[in-house]
Amino acid sequence: DTEVTQTPKHLVMGMTNKKSLKCEQHMGHRAMYWYKQKAKKPPELMFVYSYEKLSINESVPSRFSPECPNSSLLNLHLHALQPEDSALYLCASSQFRPGGTYNEQFFGPGTRLTVL
Amino acid sequence: SQQGEEDPQALSIQEGENATMNCSYKTSINNLQWYRQNSGRGLVHLILIRSNEREKHSGRLRVTLDTSKKSSSLLITASRAADTASYFCATDPSGGGSEKLVFGKGTKLTVNP
């Protein structure tokens with residue numbers, strides 16, 4: 001299985017809602033990532049989990065809360081979002097290699113989020 | 001902060017022609033990667049070239065890396081309509097834990113049938 005899956009594909013939520021995005025991979029990768037991508041822009045890194053521990057937080061507002069329950073799952077909890085948070089949210093994973101490096105990232109198809 | 005800058009921002013060619021995209025970056029790197037993204041979809045890894053490599057091939061793709069100029073190019077030969085997508089370079093900066101890639105702004109390629 002060389003796939004990263006994300007659910008849901010589309011999400012519409014109000015500013016007072018609480019929702020979660022889910023990501024799953026079964027490739028044995030030990031690094032998992034959340035990216036935010038606005039239209040016609042490159043992905044912007046939000047969070048990195050390495051061996052189930054948060055290793056990078058790119059100064060993301062606290063209304064985004066990541067969680068890594070186990071080595072295969074990654075969640076992004078959303079609360080009190082703003083309309084400007086509407087974007088494509090991408091999950092990715094990569095394998096840790098001998099020598100202490102990660103290499104190519106495998107991306108899921110993304111969740112298209114609309115905040116009303 | 002973004003490190004890679006692709007050039008051109010948009011490229012439109014006819015099927016069968018070659019497409020060349022360039023990427024420049026600012027700091028030392030461990031490797032440079034190219035990704036493709038079809039509209040509204042996830043990114044797909046195409047090729048990785050390490051800092052000690054100068055050229056790499058994969059099928060119709062050819063990537064070059066010039067670390068002295070801090071630049072890379074992606075050549076797609078004999079393009080097809082299915083190659084229509086956005087292409088991003090991404091650098092793995094030296095000195096980091098290699099967990100983080102820095103993506104460029106991307107080149108939007110349109111291949112006309």
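Just so it is clear: chains get the letters A, B, ... in the order the sequence lines come, proteins before strands, and each one is counted from 1.
In Arg80(B), the CZ atom is not crowded: 12 or fewer heavy atoms of neighbouring residues, nucleotides or ligands sit closer than 6.0 Å. Shown here is Lys19(A), whose NZ atom has no more than 12 heavy atoms of other residues, nucleotides or ligands within 6.0 Å. Summarising the local packing, NZ of Lys38(A) is surrounded by more than 12 heavy atoms from other residues, nucleotides or ligands at distances under 6.0 Å. Within a 6.0 Å radius of CD in Glu17(B), more than 12 heavy atoms belonging to other residues, nucleotides or ligands are found.
Of the atoms belonging to Gln37(A), it is side-chain heavy atoms, and not backbone ones, that fall under 4.5 Å from chain B. If you measure heavy-atom distances from Leu43(B) to chain A, the contacts under 4.5 Å come from both the backbone and the side chain. For chain A, the nearby part of Gln37(B) is the side chain; its heavy atoms alone come within less than 4.5 Å.
Criterion: ILVMFWY side-chain heavy atoms under 4.5 Å apart, direct or through other members. Under it, Met21(B) and Ile49(B) are part of a common hydrophobic cluster. If you chain together hydrophobic residues whose side chains sit under 4.5 Å apart, Met32(A) and Leu101(B) never meet in one group.
Taking all atoms of both residues into account, the shortest heavy-atom contact from Leu88(A) to Arg41(B) is CD2-O, 4.0 Å. Residue Gly104(B) comes nearest to Pro42(A) through the heavy atom pair O-CB, 3.0 Å, listed as atom of the first residue, atom of the second, then distance.
Rounded to the nearest 0.5 angstrom, Asp92(B) CG and Glu104(A) CD are separated by 11.5 Å. In this structure, OG in Ser55(A) is found 10.5 Å from NZ in Lys100(B), a value given to the nearest 0.5 Å. Taken to the nearest 0.5 Å, the OH atom of Tyr35(A) stands 4.5 Å off from the CZ atom of Phe103(B).
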